[in-house]
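Reckoned from all heavy atoms, side chains included, excluding hydrogens, waters and symmetry mates. Remember, predicted model here, so these are calculated numbers, not experimental data.
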Amino acid sequence: MLPARCRRRRACVACSVVVGVVGVAALVWGAAPPPVTPIFLVTPRPAGRYALQPREQERLKTQPGTEAPPERLWHLDLKGGAPRVEIVEGLMVLAARAGATGVLVEWEDMFPYTGALANLSAYNAYSMAEVRRIAAAAKSAGLRLVHLMQSLGHLEYALKQPQWAGLREGEGPGEACPSTPATATLVTSAVEQLMAAAPTSLVHIGADEVFTLGQCARCRDRHLPPLDLYTDHVATVARQVKEGLGVRVLMWDDMLRHAPTRTLRRLADLVEPVVWAYGPDVTKMVPPYILRTYANIFPKVWLAPAFRGATGPQAIMPDAARHAANTLAWVEVGQRLREYAGLGVAGVVVTGWARYDHFAVLTELLPPATPSLVLTLLVASRGFMTPAVLRDAHALLECPPHVVLQPAQDPLLWNTRDCAFVGANVATMLHRYVRLRQDVRHLRRETEEVGGWLTPYNIRHNFSSPTRVREATVNLQSFLAALQDLEDEAGAVLPQYLDPATTAEWQEQHLAPLNDTLTAMARAAKALTAHTTWPRRPIPPHVYTLTPHSQTLNVSLGTAP
């Protein structure tokens, strides 16, 4: 029989061994899946806090036997919240490591156009030297560069200006007239400048969401169906771009989905449709018969899920779980139709919209959307979603061991704000913003809709209980202090990624409304609690009359000509 002291010492040693084995196992599970085939690895990522060593990088694996789309482009939309060039350079490398083979750059007004097109450029557009840096970064990362230039719809940034206002199809600046030769000239001239700055073998001419067709006098005089007007213009632009520049031409497909076969055949040798739908069940928007029709007409088509900018024009963070499911759905549909209908799938374009259109406010910022981009690219390049994919995303995002990626429980991947990817500190700031916004909304609802002492009626008449008002606004000062801290944090963090104009826009869009709400509430509370005496009832009513809706519209919006 061993002495009691020896038995205790032996038990402690055994416990230490067990704890050590469990710790090592946890680290292995969190950072390194079992070896199979190597992940797409182009350029080593600069060392970060949790960067992988070269030997560890080789342990990033994928599952063999799954046919992934041959081309995988990630969409870099620059029409809102355009990142600083060094941020774009880093994202090129990360996207390539996650499985991207190319980048679709939608320059819009961030390209430095010259000559007759100079007014297309925003005042904060990239310089030509910065454009070349972006192109060089794509090439260095092994990514094919593809330019996107809208050709009919979403030309607001040109049509809003007096110089091109005469090209509008209708009253608004959303769509250009397809019957005016100057429209095609504008588009092809812009594409030529893009190609001169950075030659490519693929050009995307947009052509989606053309809501206004056949309304202007020029179009009506042609006596053609709206879809024929559309197809004529697209064919003209595609032919000029394809033959004049020697490139393949892509276009969004939504305007073609219900076109007759004879119409589609006019574009068969000119374009490759990019079929987009952003829900988990893509067949609701694009039934299989549409893809089978495309398979019979177009030699190649592309499929387009999204990684951001597809769940609401004011969304804060991408729903990574939804986008991963959307990507997986497209990959599976492409595999089935390639096998059973002979659909020639050239690849996928993982879209990431910065705004819903030129006039819309900023949607999810790109840097904190990096986890969603990495996850969707991994799914697109593997063709499946497994724990191994999550482990690889964990490694690519440079996450510490305690971070666990669980899209089903954490669809916005808030947990990744503890990781070391570029943009994680923005995610941290956004998380604080969302929590404060929820608190402010709850306070406003409780005071205006639930409580009975700080309503608009109380404020208009300066008639309320000071005690009740103080109870209702007990957290008001702490919210104001939290907002001040958030403004300071946003002012320090956002300029690391965005230019001053975009930083100011985000702050005005998101922080100014909170400030207005809290300031107005504080002002009202101060006024209501200053009273010590009140008049006898009835309180004299304010004169308030309802205006007929028709008169309101005429006064507020004007009457259409």
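The 12-atom threshold is exceeded at CG of Asn296, counting heavy atoms of other residues, nucleotides or ligands nearer than 6.0 Å. For Glu332, the CD atom sits in a packed shell: over 12 heavy atoms of surrounding residues, nucleotides or ligands are nearer than 6.0 Å.
Of all heavy-atom pairs between Tyr356 and Gly309, the closest is CE1-O, 3.3 Å. Residues Gly81 and Thr502 approach most closely at CA-CG2, 3.2 Å, considering heavy atoms. Closest of all the heavy-atom pairs between Ala182 and Leu167 is CB-CD2, 3.6 Å. Residues Leu270 and Lys242 approach most closely at O-CD, 3.9 Å, considering heavy atoms. Scanning all heavy atoms of the two residues, the minimum distance from Val146 to Leu202 falls at CG1-O, 3.5 Å.
With hydrogens and angles disregarded, no donor-acceptor distance shorter than 3.5 Å links the side chain of Trp302 to the backbone of Ala346. The backbone N or O of Ala512 sits nowhere less than 3.5 Å from a side-chain atom of Gln507 that would complete a donor-acceptor pair. Looking only at distances, a side-chain donor or acceptor of Ser372 sits under 3.5 Å from a matching main-chain atom of Phe307. Between the side chain of Arg168 and the backbone N or O of Leu159 there is at least one donor-acceptor pair closer than 3.5 Å. Of the possible donor and acceptor atoms, none in the side chain of Glu156 sits under 3.5 Å from a partner among the backbone N and O of Pro173. Judged purely by atom type and a 3.5 angstrom limit, Gln161 uses its side chain to pair as donor or acceptor with the backbone of Asn119. Of the possible donor and acceptor atoms, none in the side chain of Glu272 sits under 3.5 Å from a partner among the backbone N and O of Phe298. Between the side chain of Thr363 and the main chain of Gly312, a donor-acceptor pair closer than 3.5 Å is present. Using a distance-only test at 3.5 Å, with no hydrogens or angles considered, no donor-acceptor pair links the side chain of Asp254 to the main chain of Asp208. Side-chain N or O atoms of Arg72 include none that pairs as donor or acceptor with a backbone N or O of Ala380 at under 3.5 Å.
Here Leu224 contributes atom CG and Leu213 contributes atom CG; the two are 11.5 Å apart, rounded to the nearest 0.5 Å. Taking CG from Asp357 and NE2 from His154, the interatomic distance works out to 6.5 Å, rounded to the nearest 0.5 Å. Within the model, atoms CG of Leu117 and CG of Leu186 stand 6.5 Å from one another, a figure rounded to the nearest 0.5 Å. Atom CG of residue Leu256 and atom CG of residue Leu227 lie 7.5 Å apart, to the nearest 0.5 angstrom. In this structure, CZ on Arg338 lies 8.5 Å from CG on Leu303, to the nearest 0.5 angstrom. For the atom pair CG (Leu362) and CD (Glu508), the distance works out to 10.5 Å, reported to the nearest 0.5 Å.
In this structure, Pro313 and Arg355 have side chains that are not in contact, with every pair of non-hydrogen atoms separated by 4.5 Å or more. Within the 4.5 Å cutoff, side-chain heavy atoms of Leu366 are placed close to those of Leu91. Annotation: side chain of His147 is in contact with side chain of Trp107 (closest heavy-atom distance under 4.5 Å). By the 4.5 Å heavy-atom criterion applied to side chains, Arg144 and Thr200 are not counted as neighbours. At a threshold of 4.5 Å between non-hydrogen side-chain atoms, the residues Pro112 and Ser127 do not count as touching.
Partner Tyr278 forms a side chain to side chain donor-acceptor pair (under 3.5 Å) with one of Thr351, Thr311, Thr327, Asn326 and no other, that one being Thr351. For the side-chain contact (heavy atoms from CB on, under 4.5 Å) with Met385, the qualifying choice from Val331, Leu375, Leu378 is Leu375, the only one to do so.
Using cut-offs of 30° and 60° on the angle between ring planes, the pair Tyr157 and His358 is tilted. Note: Trp353 and His75 have perpendicular aromatic rings, judged against thresholds of 30 and 60 degrees for the angle between ring planes.
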Can you give each donor-acceptor pair under 3.5 Å made by side-chain atoms of residues 419-431, sequence neighbours left out, with the distance rounded to 0.1 Å?
from: Asn425; atom 1: OD1; to: Tyr497; atom 2: OH; distance (Å): 2.5
from: Asn425; atom 1: ND2; to: Gln496; atom 2: OE1; distance (Å): 3.0
from: Thr428; atom 1: OG1; to: Ala424; atom 2: O; distance (Å): 3.2

Does the pair Asp499 and Arg84 meet the rule for a side-chain contact (heavy atoms from CB on, under 4.5 Å), with working shown?
CA-CA 7 Å; Asp499 68 8; Arg84 296 164 63 100; 5.8 Å; no

Report the C-alpha distance between Val286 and Trp330 in whole Å, list the side-chain angles of each, state the deciding distance to 0.1 Å, and finish with yes or no for side-chain contact (heavy atoms from CB on, under 4.5 Å).
CA-CA 10 Å; Val286 189; Trp330 267 129; 4.2 Å; yes

Determine whether Asp392 and Arg382 satisfy the following criterion, salt bridge (charged side-chain N to carboxylate O under 4.0 Å, His left out), listing intermediate values before the conclusion.
CA-CA 11 Å; Asp392 288 354; Arg382 311 296 179 77; 2.7 Å; yes

Could you check Thr416 against Leu405 for side-chain contact (heavy atoms from CB on, under 4.5 Å), going step by step and ending with a plain yes or no?
CA-CA 8 Å; Thr416 60; Leu405 303 186; 3.4 Å; yes

Start with the C-alpha distance between Met195 and Val247, add both sets of side-chain angles, then the distance that settles side-chain contact (heavy atoms from CB on, under 4.5 Å), and finish with yes or no.
CA-CA 10 Å; Met195 292 288 288; Val247 298; 3.6 Å; yes

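Under a cutoff of 6.0 Å and an axis angle of 45°, Arg308 and Trp74 do not form a cation-pi pair.
Between Glu71 and Arg248 no salt bridge is recorded (no basic side-chain N to carboxylate O distance below 4.0 Å).
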